[in-house]
Amino acid sequence: MSVKIITVGEDILTANEEKARANQNRLDKHGILTINIMSSPGAGKTSLLLGTISRMKDKCRIAVIEGDVASSVDAEKINEQGVAVVQINTAGGCHLDANMVESALNNLSLENTDLLFIENVGNLICPNAFLLGEHKRVMISSMPEGDDKPLKYPAMFADTDVVLLNKIDLKPHLDFNVDGFKKSVIGLNPDVIIFSISCKTGEGLEAWLSWLESAIKDRKDR
Amino acid sequence: MHEYSITESMLSMALEKANEANASKITRINLIVGELSGVVSECVQFYFDFISKDTIASGASLSFETTPTKLRCRNCDAVFSPVNSDWSCPDCREVGTEIVSGRECYMESIEVE
C-alpha cells in the first residue's frame, strides 16, 4: 500500500485552546473576572488567596477553583473563609487544563460570582502552556526561591500579566537582588506589573488589591 | 508529566486526520517541538507507545524536529539564540527580549497507508 503524507500544521494544544475559549465565553456572560494563579509549590498561592479573600469578600462575590495534585488541604482552608470552592485533584498531573476547569465551572453558581480565582498546580514548567479561560494571569515568585527564577523559567514570566514578589518580610535573611529580579522580569515581559508583597505581614497587599478592584470593574463595564 | 496530556492531544489529532483521509494505518507522525515548549520527546514517545496500542497509530514512528529558541532584542532588534540562559543581547548587552520562536509544539504532518 502506498504511503500518503497528510499535511496538518496544527498546534497540538488546539483542542485545549478551543475549550478555554468556550470557558471564557461562559465566564464573560456572567461578567466574572477570572484569574489564573501560578507559582512553584510553596510560593504562597493559598496564602495570597486567603489574604485577598479576607480583605475583599465584603466587596464582591468570590469563588475559587483549587487545583492540587492530591489532598483537599488548601480547599478546606479556603472553605473556612466562607467562599465557594471547587477542588480539582489532578491525580499526579502537573497543570490544570481547560477541560478540568469546564467541569469545575459546572459545580459553581456563576450567576452569583464576580471574581473567580483558579489556583493552578504548583509548578514553574508548564502551567502557562495550558489556557484555562482566564482573563488575567498572576504569578507569584517568592524571595526564598532566589532572584534567578525568571532566567530559569522564562516562559512562565513572559506569559503573565502580574508578578507578585512574595515573602518580602524575609529579605533581611536573604541575598535577593530585587532590582536584578525586576530587570529580568521586565526584560522578558515589558508590560508586566510587579507588586512586592508579604502575605504574612500584609505589606504591599493594598496595591495588589486596588489593581484587582480596577480589573473587576473593567470586566463589569464591558 | 504534562507530556501525557500533550501525547493524548497529539494522538487524537493524528487519528482524526487519518480518519478524514480514510487511512487504515498511521506509519509516522512528524512533530515540531520548540526548545522552550518544555516538551521532552523521550517522554512523548514513551506515552505514545502505551496509549496508541489498539489504534491505527500503533507502531507509528514519531519524528521530532526541535526548533531553537530565538529572541529579538527590544533595544537594537538583533535576533539571537541565548546561551546558558543568558537572555541579554549579545550585541548591545541590554536585557529585554521578545520570544520569536522556540515555544512551538505542533504537528507538521502524518504519513498514512
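All values below come from the heavy atoms of this structure, side chains included, with hydrogens, waters and symmetry mates left out. Here is the naming used below: chain letters follow the sequence lines, and residue numbers restart at 1 for every chain.
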Please check if atom CD in A:E17 has more than 12 non-hydrogen atoms from other residues, nucleotides or ligands closer than 6.0 Å.
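Yes, CD of A:E17 has more than 12 neighbouring heavy atoms, counting only those of other groups under 6.0 Å.
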Quick one, B:N30 with B:E111, criterion side-chain hydrogen bond (donor to acceptor under 3.5 Å, both in side chains). Give me CA distance, side-chain angles, the key distance, then yes/no.
CA-CA 8 Å; B:N30 295 307; B:E111 296 174 24; 3.3 Å; yes
Which of B:E94, B:M107, B:K17 touches chain A most, by non-hydrogen pairs under 4.5 Å
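Ranked by heavy-atom pairs under 4.5 Å with chain A, first place is B:M107.
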For chain A, which candidate among B:M10, B:E98, B:E104, B:K25 shows the most heavy-atom pairs at distances under 4.5 Å?
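Heavy-atom pairs under 4.5 Å are most numerous for B:M10.
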Under a 4.5 Å cutoff for heavy-atom pairs, which residue among A:D159, A:D97, A:N16 has the most contacts with chain B?
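The option with the most such pairs is A:D159.
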Polar side chain donor-acceptor pair, A:S142 to A:E145, under 3.5 angstrom
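Distance-only check passes for A:S142 and A:E145.
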So, B:T7 versus B:E3: side-chain donor-acceptor pair below 3.5 Å or not?
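There is no such pair between these side chains.
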Against chain A, label B:I99 side chain, backbone, both or neither, depending on which of its atoms sit under 4.5 Å from a heavy atom there.
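Contact with chain A involves the side chain of B:I99 alone.
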Proximal component of B:L31, with respect to chain A [non-hydrogen, under 4.5 Å]:
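Side chain only.
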Is it the backbone or the side chain of [X] that comes under 4.5 Å from a heavy atom of chain B, or both, or neither?
X	value
A:N123	neither
A:I125	side chain
A:A129	neither

Going by the side-chain contact (heavy atoms from CB on, under 4.5 Å) test, name the single residue among A:E134, A:R219, A:H135 that passes it with A:L27.
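With A:L27 as partner, side-chain contact (heavy atoms from CB on, under 4.5 Å) holds for just one option, A:H135.
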To check you understand the geometry: which heavy-atom pair defines the closest contact between B:C76 and B:D91, and what is its length?
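Looking at all heavy atoms of both residues, the shortest contact is SG-CB, 4.3 Å.
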